[in-house]
Asks: 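Dropping the structure in here first, questions after.
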Amino acid sequence: MTAHPTILVFDSGLGGLTVYREVAAARPDADFVYFADDAGFPYNALAETALVARVVGLFDELIASHRPDLAVIACNTASTITLPGLREKFALPFVGTVPAIKPACAASVTRHVSVLGTQATVAREYTRALIRDFAKDCQVTLVGSKNLAGYVEAELAGGAPASDEQIRAEIAPCFVDDGKRTDTVVLACTHYPLLRDRLTKLAPWPVNYIDPAPAIARRVLDLLGPPAPSRAGTSRAIFTSGRAPHAVLTRFGIEAQPTAVSGAN
Ligand code: DGL
(Lines give C-alpha, C1' and ligand atoms only; values in the text may rest on other atoms or scores of the structure.)
Protein backbone atom coordinates (compact mmCIF):
# COMPACT_ATOMS: atom_id res chain seq x y z
CA MET A 1 0.00 0.00 0.00
CA THR A 2 1.34 3.44 -0.90
CA ALA A 3 2.78 5.62 1.88
CA HIS A 4 0.53 8.59 1.06
CA PRO A 5 -2.71 7.04 -0.13
CA THR A 6 -5.51 8.71 -2.02
CA ILE A 7 -8.87 7.92 -0.43
CA LEU A 8 -12.08 8.50 -2.36
CA VAL A 9 -15.21 9.09 -0.26
CA PHE A 10 -18.43 8.67 -2.23
CA ASP A 11 -22.01 9.67 -1.42
CA SER A 12 -25.11 10.92 -3.18
CA GLY A 13 -24.70 14.29 -1.47
CA LEU A 14 -23.37 15.87 1.69
CA GLY A 15 -24.12 13.04 4.13
CA GLY A 16 -20.84 11.29 3.39
CA LEU A 17 -19.07 14.24 5.01
CA THR A 18 -19.96 12.66 8.36
CA VAL A 19 -17.85 9.66 7.33
CA TYR A 20 -15.18 11.78 5.63
CA ARG A 21 -14.49 13.72 8.85
CA GLU A 22 -13.78 10.54 10.83
CA VAL A 23 -11.62 8.97 8.12
CA ALA A 24 -9.72 12.24 7.58
CA ALA A 25 -9.08 12.50 11.33
CA ALA A 26 -7.73 8.93 11.31
CA ARG A 27 -5.51 9.48 8.23
CA PRO A 28 -4.72 13.22 8.14
CA ASP A 29 -1.74 12.49 5.89
CA ALA A 30 -3.86 10.97 3.09
CA ASP A 31 -5.12 12.85 0.05
CA PHE A 32 -8.90 12.84 -0.15
CA VAL A 33 -11.37 13.19 -2.98
CA TYR A 34 -14.91 13.73 -1.69
CA PHE A 35 -17.25 12.78 -4.51
CA ALA A 36 -20.93 13.66 -4.29
CA ASP A 37 -23.25 12.36 -7.00
CA ASP A 38 -25.77 15.03 -6.11
CA ALA A 39 -27.15 15.07 -9.66
CA GLY A 40 -28.50 11.64 -8.73
CA PHE A 41 -29.81 12.59 -5.26
CA PRO A 42 -31.79 11.01 -3.68
CA TYR A 43 -30.48 7.51 -4.29
CA ASN A 44 -33.52 6.40 -2.28
CA ALA A 45 -35.64 7.10 -5.35
CA LEU A 46 -33.55 5.05 -7.81
CA ALA A 47 -34.42 1.49 -8.79
CA GLU A 48 -31.78 -1.01 -7.64
CA THR A 49 -30.55 -1.91 -11.15
CA ALA A 50 -30.33 1.75 -12.17
CA LEU A 51 -28.41 2.60 -9.00
CA VAL A 52 -25.89 -0.20 -9.49
CA ALA A 53 -25.33 0.78 -13.12
CA ARG A 54 -24.93 4.44 -12.20
CA VAL A 55 -22.45 3.91 -9.37
CA VAL A 56 -20.37 1.32 -11.26
CA GLY A 57 -20.33 3.68 -14.27
CA LEU A 58 -19.14 6.58 -12.13
CA PHE A 59 -16.36 4.47 -10.64
CA ASP A 60 -15.09 3.60 -14.12
CA GLU A 61 -14.27 7.24 -14.55
CA LEU A 62 -13.33 8.02 -10.95
CA ILE A 63 -10.70 5.30 -10.84
CA ALA A 64 -9.27 6.36 -14.19
CA SER A 65 -9.09 10.03 -13.14
CA HIS A 66 -8.05 9.84 -9.50
CA ARG A 67 -6.35 6.46 -9.06
CA PRO A 68 -7.58 6.07 -5.47
CA ASP A 69 -5.93 3.47 -3.23
CA LEU A 70 -9.20 2.86 -1.41
CA ALA A 71 -12.82 3.96 -1.77
CA VAL A 72 -15.32 4.49 1.01
CA ILE A 73 -18.95 4.21 -0.07
CA ALA A 74 -20.26 6.66 2.53
CA CYS A 75 -23.87 5.93 1.72
CA ASN A 76 -26.03 3.13 3.10
CA THR A 77 -28.50 3.33 0.22
CA ALA A 78 -25.68 2.67 -2.25
CA SER A 79 -23.59 0.27 -0.13
CA THR A 80 -26.45 -2.12 0.57
CA ILE A 81 -26.84 -2.82 -3.16
CA THR A 82 -23.70 -1.77 -5.09
CA LEU A 83 -20.80 -3.32 -3.13
CA PRO A 84 -20.83 -6.75 -4.82
CA GLY A 85 -20.80 -5.16 -8.30
CA LEU A 86 -18.04 -2.70 -7.39
CA ARG A 87 -15.87 -5.38 -5.81
CA GLU A 88 -16.36 -7.69 -8.75
CA LYS A 89 -15.40 -5.10 -11.34
CA PHE A 90 -12.60 -3.13 -9.65
CA ALA A 91 -9.50 -4.40 -7.86
CA LEU A 92 -9.66 -1.51 -5.37
CA PRO A 93 -10.54 -2.08 -1.69
CA PHE A 94 -14.07 -0.75 -1.01
CA VAL A 95 -15.21 0.05 2.51
CA GLY A 96 -18.99 0.20 2.70
CA THR A 97 -21.38 1.90 5.09
CA VAL A 98 -24.13 -0.49 6.15
CA PRO A 99 -26.64 -0.34 9.02
CA ALA A 100 -24.81 -0.82 12.34
CA ILE A 101 -27.23 -3.49 13.55
CA LYS A 102 -24.64 -5.71 15.23
CA PRO A 103 -23.16 -3.04 17.56
CA ALA A 104 -26.62 -1.60 18.22
CA CYS A 105 -27.98 -4.96 19.35
CA ALA A 106 -24.86 -5.59 21.40
CA ALA A 107 -25.38 -2.25 23.19
CA SER A 108 -29.14 -2.33 23.75
CA VAL A 109 -30.24 -2.99 27.32
CA THR A 110 -34.00 -3.06 26.63
CA ARG A 111 -33.43 -5.27 23.53
CA HIS A 112 -35.49 -2.79 21.49
CA VAL A 113 -33.49 -1.32 18.60
CA SER A 114 -34.67 0.81 15.69
CA VAL A 115 -32.96 1.27 12.33
CA LEU A 116 -33.59 4.70 10.82
CA GLY A 117 -32.56 4.77 7.15
CA THR A 118 -33.89 5.64 3.76
CA GLN A 119 -36.89 3.62 2.60
CA ALA A 120 -34.61 1.82 0.15
CA THR A 121 -32.02 0.88 2.78
CA VAL A 122 -34.53 -0.61 5.22
CA ALA A 123 -36.20 -2.57 2.39
CA ARG A 124 -32.96 -4.13 1.15
CA GLU A 125 -32.26 -7.83 1.55
CA TYR A 126 -28.80 -6.84 2.84
CA THR A 127 -30.39 -5.10 5.84
CA ARG A 128 -32.80 -7.98 6.47
CA ALA A 129 -29.84 -10.38 6.46
CA LEU A 130 -27.98 -8.26 9.03
CA ILE A 131 -31.02 -8.56 11.30
CA ARG A 132 -31.24 -12.33 10.80
CA ASP A 133 -27.51 -12.72 11.49
CA PHE A 134 -26.93 -10.25 14.29
CA ALA A 135 -30.13 -9.13 16.03
CA LYS A 136 -30.22 -12.23 18.22
CA ASP A 137 -32.86 -11.67 20.89
CA CYS A 138 -33.39 -8.01 19.93
CA GLN A 139 -36.64 -6.67 18.56
CA VAL A 140 -35.62 -4.56 15.57
CA THR A 141 -37.96 -1.90 14.13
CA LEU A 142 -37.13 -0.77 10.59
CA VAL A 143 -38.03 2.86 9.90
CA GLY A 144 -37.77 4.08 6.32
CA SER A 145 -37.60 7.85 6.14
CA LYS A 146 -38.69 9.49 2.93
CA ASN A 147 -37.65 13.05 3.71
CA LEU A 148 -34.92 13.30 6.32
CA ALA A 149 -31.91 13.19 3.96
CA GLY A 150 -33.62 15.77 1.73
CA TYR A 151 -34.14 18.07 4.72
CA VAL A 152 -30.41 17.93 5.42
CA GLU A 153 -29.47 18.63 1.79
CA ALA A 154 -31.91 21.54 1.56
CA GLU A 155 -30.72 23.17 4.77
CA LEU A 156 -27.05 22.82 3.88
CA ALA A 157 -27.80 24.33 0.47
CA GLY A 158 -29.01 27.45 2.31
CA GLY A 159 -32.71 26.64 2.63
CA ALA A 160 -34.81 26.89 5.77
CA PRO A 161 -34.29 24.10 8.29
CA ALA A 162 -37.08 21.53 8.56
CA SER A 163 -39.52 22.27 11.37
CA ASP A 164 -39.58 20.28 14.60
CA GLU A 165 -42.91 18.77 13.49
CA GLN A 166 -41.44 17.60 10.18
CA ILE A 167 -38.51 15.90 11.89
CA ARG A 168 -40.70 14.41 14.62
CA ALA A 169 -42.95 12.87 11.98
CA GLU A 170 -39.96 11.13 10.34
CA ILE A 171 -38.48 9.72 13.56
CA ALA A 172 -41.63 8.96 15.57
CA PRO A 173 -41.90 5.27 14.47
CA CYS A 174 -38.41 4.63 15.92
CA PHE A 175 -39.76 5.04 19.43
CA VAL A 176 -41.51 1.87 20.49
CA ASP A 177 -42.89 1.49 24.00
CA ASP A 178 -44.54 -1.88 24.63
CA GLY A 179 -43.63 -2.02 28.28
CA LYS A 180 -39.98 -1.81 27.27
CA ARG A 181 -38.75 1.19 25.35
CA THR A 182 -36.43 1.49 22.38
CA ASP A 183 -33.05 2.53 23.78
CA THR A 184 -30.86 2.38 20.65
CA VAL A 185 -31.41 3.90 17.19
CA VAL A 186 -29.09 3.10 14.29
CA LEU A 187 -28.46 6.12 12.06
CA ALA A 188 -28.49 4.11 8.82
CA CYS A 189 -28.11 7.06 6.48
CA THR A 190 -24.96 9.15 6.52
CA HIS A 191 -26.98 12.36 6.31
CA TYR A 192 -28.60 11.84 9.70
CA PRO A 193 -25.61 12.49 11.99
CA LEU A 194 -25.70 16.05 10.59
CA LEU A 195 -29.06 16.38 12.39
CA ARG A 196 -27.90 14.67 15.54
CA ASP A 197 -28.50 17.56 17.95
CA ARG A 198 -32.06 17.94 16.72
CA LEU A 199 -32.66 14.18 16.75
CA THR A 200 -31.55 14.17 20.37
CA LYS A 201 -33.69 17.18 21.26
CA LEU A 202 -36.80 15.86 19.50
CA ALA A 203 -36.63 12.28 20.81
CA PRO A 204 -39.57 11.51 23.13
CA TRP A 205 -37.07 9.87 25.51
CA PRO A 206 -33.28 9.60 25.51
CA VAL A 207 -31.81 6.97 23.19
CA ASN A 208 -28.33 6.02 22.06
CA TYR A 209 -27.95 7.05 18.41
CA ILE A 210 -25.38 4.86 16.63
CA ASP A 211 -23.28 6.58 13.96
CA PRO A 212 -21.15 4.09 12.02
CA ALA A 213 -18.49 6.64 10.99
CA PRO A 214 -15.90 5.84 13.71
CA ALA A 215 -16.10 2.13 12.87
CA ILE A 216 -15.58 2.94 9.19
CA ALA A 217 -12.49 4.99 10.03
CA ARG A 218 -11.13 2.02 12.03
CA ARG A 219 -11.73 -0.27 9.05
CA VAL A 220 -9.82 2.14 6.80
CA LEU A 221 -6.90 2.08 9.25
CA ASP A 222 -7.01 -1.73 9.28
CA LEU A 223 -6.64 -1.72 5.50
CA LEU A 224 -4.22 1.18 5.02
CA GLY A 225 -2.30 1.17 8.28
CA PRO A 226 -1.57 4.13 10.57
CA PRO A 227 -0.86 7.65 9.27
CA ALA A 228 2.59 8.75 8.15
CA PRO A 229 3.92 11.36 10.58
CA SER A 230 4.32 15.02 9.63
CA ARG A 231 2.50 15.07 6.33
CA ALA A 232 -0.69 17.06 5.82
CA GLY A 233 -2.84 15.56 3.07
CA THR A 234 -5.07 17.48 0.67
CA SER A 235 -8.87 17.31 0.39
CA ARG A 236 -11.04 18.35 -2.50
CA ALA A 237 -14.64 17.80 -3.45
CA ILE A 238 -16.41 17.11 -6.71
CA PHE A 239 -20.18 17.39 -7.22
CA THR A 240 -21.85 15.84 -10.26
CA SER A 241 -24.34 18.73 -10.36
CA GLY A 242 -21.41 21.09 -10.83
CA ARG A 243 -22.39 23.00 -7.68
CA ALA A 244 -19.86 23.75 -4.97
CA PRO A 245 -21.36 24.36 -1.54
CA HIS A 246 -18.30 26.25 -0.29
CA ALA A 247 -19.61 27.15 3.15
CA VAL A 248 -20.33 23.54 4.09
CA LEU A 249 -17.13 22.21 2.59
CA THR A 250 -15.04 24.82 4.36
CA ARG A 251 -16.59 23.69 7.65
CA PHE A 252 -15.20 20.24 6.87
CA GLY A 253 -11.84 21.57 5.61
CA ILE A 254 -12.40 20.65 1.96
CA GLU A 255 -11.73 22.59 -1.20
CA ALA A 256 -14.47 22.43 -3.87
CA GLN A 257 -13.39 21.66 -7.38
CA PRO A 258 -15.51 22.36 -10.46
CA THR A 259 -14.85 19.08 -12.25
CA ALA A 260 -17.34 17.62 -14.70
CA VAL A 261 -17.87 13.88 -14.56
CA SER A 262 -19.57 12.35 -17.53
CA GLY A 263 -22.20 9.68 -17.10
CA ALA A 264 -23.89 11.44 -14.19
CA ASN A 265 -27.04 13.34 -15.07
N1 DGL B 1 -26.33 9.36 2.48
C2 DGL B 1 -27.24 8.43 1.84
C3 DGL B 1 -27.38 7.18 2.75
O4 DGL B 1 -26.53 6.95 3.61
C5 DGL B 1 -28.35 9.24 1.33
C6 DGL B 1 -29.59 8.83 0.83
C7 DGL B 1 -30.10 9.14 -0.57
O8 DGL B 1 -29.36 9.57 -1.46
O9 DGL B 1 -31.30 8.87 -0.73
O10 DGL B 1 -28.26 6.37 2.61
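One-based numbering, in listed order, for ligands and for the atoms of each. The structure displayed is predicted, hence computed values, not measured ones.
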Asks: Among all residues two or more places apart in sequence or in another chain, which pass the side-chain contact (heavy atoms from CB on, under 4.5 Å) test with Glu88?
Replies: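 Partners of Glu88 by the side-chain contact (heavy atoms from CB on, under 4.5 Å) criterion come out as none, since no residue qualifies.
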Asks: Centroid separation under 6.0 Å, is that true for the rings of Tyr20 and Phe32?
Replies: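 Yes, ring centres under 6.0 Å apart.
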Asks: For a quick check: using heavy atoms under 4.0 Å, what are the residues in contact with ligand 1, sorted by chain and number?
Replies: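 Heavy-atom contacts below 4.0 Å: Asp11, Ser12, Phe41, Pro42, Tyr43, Asn44, Cys75, Asn76, Thr77, Thr118, Cys189, Thr190, His191.
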Asks: Sequence neighbours excluded and cut-off under 3.5 Å, please list the side-chain donor-acceptor pairs for residues 109-118, or say none.
Replies:
| unit_1 | atom_1 | unit_2 | atom_2 | d |
| --- | --- | --- | --- | --- |
| Thr110 | OG1 | His112 | N | 3.4 |
| Thr110 | OG1 | Arg181 | O | 2.6 |
| Thr110 | OG1 | Asp183 | OD1 | 3.3 |
| Arg111 | NE | Asp137 | OD1 | 3.2 |
| Arg111 | NE | Asp137 | OD2 | 3.4 |
| Arg111 | NH1 | Cys105 | O | 2.7 |
| Arg111 | NH1 | Ser108 | O | 2.6 |
| Arg111 | NH2 | Cys105 | O | 3.2 |
| Arg111 | NH2 | Asp137 | OD1 | 2.8 |
| His112 | ND1 | Thr110 | O | 3.3 |
| His112 | NE2 | Asp178 | OD1 | 2.9 |
| His112 | NE2 | Asp178 | OD2 | 3.2 |
| Ser114 | OG | Cys174 | O | 2.6 |
| Thr118 | OG1 | Thr77 | OG1 | 2.9 |
| Thr118 | OG1 | Thr121 | N | 3.1 |
| Thr118 | OG1 | Thr121 | OG1 | 3.1 |

Asks: Between Asp69 (side chain only) and Thr6 (backbone N and O only), is there a donor and an acceptor less than 3.5 Å apart?
Replies: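 Yes, because the side chain of Asp69 sits within donor-acceptor range (under 3.5 Å) of the backbone of Thr6.
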Asks: With sequence neighbours excluded, what pairs up with Glu170 under the side-chain contact (heavy atoms from CB on, under 4.5 Å) test?
Replies: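 side-chain contact (heavy atoms from CB on, under 4.5 Å) list for Glu170, sorted by chain: Ser145, Asn147, Leu148, Tyr151.
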Asks: Would you say the rings of Tyr209 and Tyr192 are close, in the sense that their centroids are separated by under 6.0 Å?
Replies: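 For Tyr192 and Tyr209, the ring centres are not under 6.0 Å apart.
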